[in-house]
Amino acid sequence: MMIAVLIPVAAVMTSLASGRANPPVAASARGKTLSAVPAKSAGPLAVHISNFTFGPKMVTVKVGQTVIWTNDDDIPHTVVATDKSFRSKVLDTGQSFSFTFTKPGQVAYFCSLHPMMTGKVTVTAR
């Protein structure tokens, strides 16, 4: 005899995307709506390069947090801070560059190969 267990696809996908086996969930007062509780993590933040854009274009991190840019485009790109605090090598498809921010403020950046590609990192105090 076989017993089928049905698990909502959204719960499985949320669990897989978060890297946790059992993500915390909060139910609404009526018990109908479930939503993932946001994780309080200062882990790396991902920015993807695709279709000649940085996504997300603007991110906020805390001092000591790392941003990882990954080139998902078919052509090379770079990540260069306008204040010269960081500069990646040319990133081919699938390659990444990371930078850990050590002081609060805003850092604008762009792709030196395609200067119309821009982004911004806001760094807050711990």
Side-chain angles (χ1 to χ4, degrees):
M1 179 174 181
M2 200 177 208
I3 298 174
V5 177
L6 300 177
I7 300 172
V9 174
V12 173
M13 296 307 290
T14 299
S15 178
L16 291 173
S18 70
R20 292 180 291 188
N22 296 309
V25 293
S28 74
R30 295 185 182 154
K32 294 181 182 178
T33 305
L34 294 178
S35 62
V37 175
K40 293 182 181 180
S41 171
L45 187 116
V47 174
H48 292 273
I49 303 168
S50 180
N51 296 320
F52 291 90
T53 59
F54 293 105
K57 187 172 182 152
M58 293 188 277
V59 296
T60 300
V61 297
K62 294 182 185 229
V63 167
Q65 196 169 1
T66 300
V67 175
I68 301 171
W69 290 266
T70 301
N71 184 6
D72 297 330
D73 240 340
D74 293 341
I75 59 168
H77 292 289
T78 64
V79 183
V80 180
T82 57
D83 69 359
K84 300 180 182 174
S85 58
F86 59 83
R87 180 183 189 92
S88 74
K89 66 180 183 81
V90 174
L91 303 173
D92 287 323
T93 303
Q95 291 184 319
S96 296
F97 167 74
S98 65
F99 184 79
T100 301
F101 292 85
T102 58
K103 59 184 178 183
Q106 290 190 341
V107 181
Y109 64 90
F110 65 101
C111 172
S112 63
L113 303 174
H114 312 100
M116 74 285 196
M117 293 174 56
T118 61
K120 185 186 296 183
V121 178
T122 300
V123 185
T124 61
R126 291 180 186 244

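What you see below is based on every heavy atom in this structure, not just the backbone, and it leaves out hydrogens, waters and symmetry mates.
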Task: Value rounded to 0.5 Å, distance of CG in L91 from CD1 in I75 - done: 12.0 Å
TODO: Find out whether T124 and P104 are in side-chain contact, i.e. whether some heavy atom of one side chain is under 4.5 Å from a heavy atom of the other.
DONE: no
Task: L113 versus P76, closest heavy-atom pair with distance - done: CD1-O, 3.7 Å
TODO: To the nearest 0.5 Å, tell me how far N71 CG sits from F54 CZ.
DONE: 9.0 Å
Task: Under 3.5 Å donor-acceptor, Q65 side chain and P44 backbone - done: no
TODO: Quick one: closest heavy-atom pair of S96 and T70, and the distance?
DONE: OG-OG1, 2.8 Å
Open item on the list: Can you tell me if K84 has over 12 outside heavy atoms packed within less than 6.0 Å of its NZ?
Closed with: no
Task: Which atom of I49 lies closest to which atom of M117, heavy atoms considered - done: CG2-CE, 3.7 Å
TODO: Start with the C-alpha gap between V107 and F86, add the side-chain angles, then the distance that decides, and say whether side-chain contact (heavy atoms from CB on, under 4.5 Å) holds.
DONE: CA-CA 10 Å; V107 181; F86 59 83; 3.8 Å; yes
TODO: Find out if a path of hydrophobic residues (ILVMFWY) with successive side-chain heavy-atom gaps under 4.5 Å connects L45 to F97.
DONE: yes
Task: Chi angles and distances behind the side-chain contact (heavy atoms from CB on, under 4.5 Å) call for T118, K57 - done: CA-CA 7 Å; T118 61; K57 187 172 182 152; 3.5 Å; yes
Task: S85-D83 side chain donor-acceptor pair, cut-off 3.5 Å - done: yes
- [ ] For S50 and D72, work out which heavy atoms get closest and say how close.
- [x] CB-CB, 4.4 Å
TODO: Apply side chain to side chain contact (heavy atoms under 4.5 Å, CB included) to T100 and list each qualifying residue two or more places apart in sequence or on a separate chain.
DONE: T66
Open item on the list: Please tell me whether F110 and V79 are part of a single hydrophobic cluster in this structure, the criterion being side-chain heavy atoms less than 4.5 Å apart.
Closed with: no
Task: Backbone of A108 reached by a side-chain donor or acceptor of T82 within 3.5 Å - done: yes
Task: Under 3.5 Å: donor-acceptor pair, side chain of T93, backbone of D73 - done: yes
TODO: Ignoring hydrogens and angles, tell me if any N or O in the side chain of S112 forms a donor-acceptor pair with the backbone of T78 under 3.5 Å.
DONE: no
Task: Matching residue for H77 among W69, Y109, F52 - test: ring-ring contact (aromatic ring centres under 6.0 Å, His included) - done: F52
